[in-house]
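A short write-up of the structure that comes next.
In this text, all values refer to a predicted model and were calculated from it rather than measured experimentally. Each ligand, and each atom within it, is numbered from 1 in the order the structure gives.
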Amino acid sequence: MADRLDLSGRHIVLGLSGGIACYKAAELARELVKAGATVQVVMTEAATHFITPVTMQALTNRPVYTHQWDPREANHMAHINLSREADAVLVAPASADFMAKLVHGRADEILSLLCLARPAERVPLLVAPAMNREMWAHPATQRNVAALRADGVSVLGPAAGDQACGEVGDGRMLEAAELRDELIAFFQPKRLAGQRVLITAGPTFEAIDPVRGITNHSSGKMGFAIARAAQEAGAQVTLVAGPVHLPTPAHVRRIDVQSALQMHDAVMPLAAAHDVFIATAAVADWRPVAAAEQKLKKDGSGRPPAIEMVENPDILAVVARLPQRPYCVGFAAESHDLLRHAQDKRARKQVPLLVGNLGPATFGQDTNALLLVDEHGHRELPQADKLTLARQLVAEIATRLTPPTR
Ligand SMILES: Cc1cc2nc3c(=O)[nH]c(=O)nc-3n(C[C@H](O)[C@H](O)[C@H](O)COP(=O)(O)O)c2cc1C
């Protein structure tokens, strides 16, 4: 996903106020530029004590603005010009002091001045707080954060963890890649706003004995990409994941399971409270009747042990028959005859939308191609990276939903 240009065509004013996390702003500027954005850096005087404008200029290929009396602008109004060009203003790091200034509409230097002067309905303001945990927890800061939210400002983070001062707690600025992804998500159309989406992803693992089991090559990448895309589209997302080594997409609630039975038991109490159910997991069809308590050993006879199998519950079919069922989307990973198998599976599971993909071509890969089958026919989403496909699928699902009633 490294070469995605999700911010292509976006012009971002990146504001830095005074804090140690300014060192992360250099990386952030790079990430935004790599994602296709043009980045205009504006710094408070305090920020220049932590990182030089030279570094920020070199990374963004644009001169940095550090004071309101800058003579470079013909009309001498950098705060007006800069704020009108922007698609968004992101202040990272946002110091405690800077947030207090925003709350009060102070405008005694270039960055707070341009934040106040920006056309708020067209140029959103996002802030990434960064400070010592005591500063963050102080009632004054908490009041200010609440006031900023009430004013329509998006507050990104902060995270908890080790702090530059040596203490541990809330107040760390999000990492550069996290902030980049927050900004990318911010710009995605909110097609699933107010919807609750439940997704299964990855393989399952059916134990044979304490050290062996039956599983498959599903990596979970497609389901995790859909979870991210649904969250970006404004949904509340719950992700039930089989055994995979993937980071949880931001703001997604994740429940880890191993076996098909555990996945079934995790999904069933949640399904009716969701508006959409997307079953991407490659759930094992069968499991050993009982896992041996001890590792099965060769007995010298040359005959392998007989492993008696039993069918697993069909999670998608069960959810699709609930009286209060969510809108159900199934996935079929096939090796051949994709359209026929996808149509058969859609009819068998009684789901409105079935998505076919070729298992060997998708498992573990970063790209895929999808075949959408519904009552009207089928449509192909051609080869692309999984996040692109996930966003397209989310858009397709959104057009098929009625607005939430709850
Ligand atoms: C070494 C040092 C580190 C600081 N780190 C932070 C910080 O992480 N977050 C913060 O809100 N303020 C921090 N401050 C205090 C701000 O730099 C100070 O409030 C400054 O006036 C902020 O100015 P500005 O909001 O105009 O950028 C730090 C100060 C010093 C001297």
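Formation of a donor-acceptor pair under 3.5 Å by the Arg118 side chain with backbone atoms of Cys115 is found in this model. Side chain of Lys24 to backbone of Met173: a donor-acceptor contact under 3.5 angstrom is found. Using modelled atom types, one side-chain atom of Asn357 and one backbone atom of Ala332 make a donor-acceptor pair closer than 3.5 Å. Judged purely by atom type and a 3.5 angstrom limit, Lys386 uses its side chain to pair as donor or acceptor with the backbone of Gln365. The main-chain N or O of Pro63 is found under 3.5 Å from a side-chain atom of Gln40 such that the two form a donor-acceptor pair.
Listed by chain and number, residues touching ligand 1 at under 4.0 Å (heavy atoms only) are Ser17, Gly18, Gly19, Ile20, Thr44, Ala46, Phe50, Ser95, Ala96, Asp97, Phe98, Ala130, Met131, Met135.
With a 6.0 Å cutoff to the six-membered ring centre and a 45° limit on the axis angle, Arg212 does not count as a cation-pi contact of Phe205.
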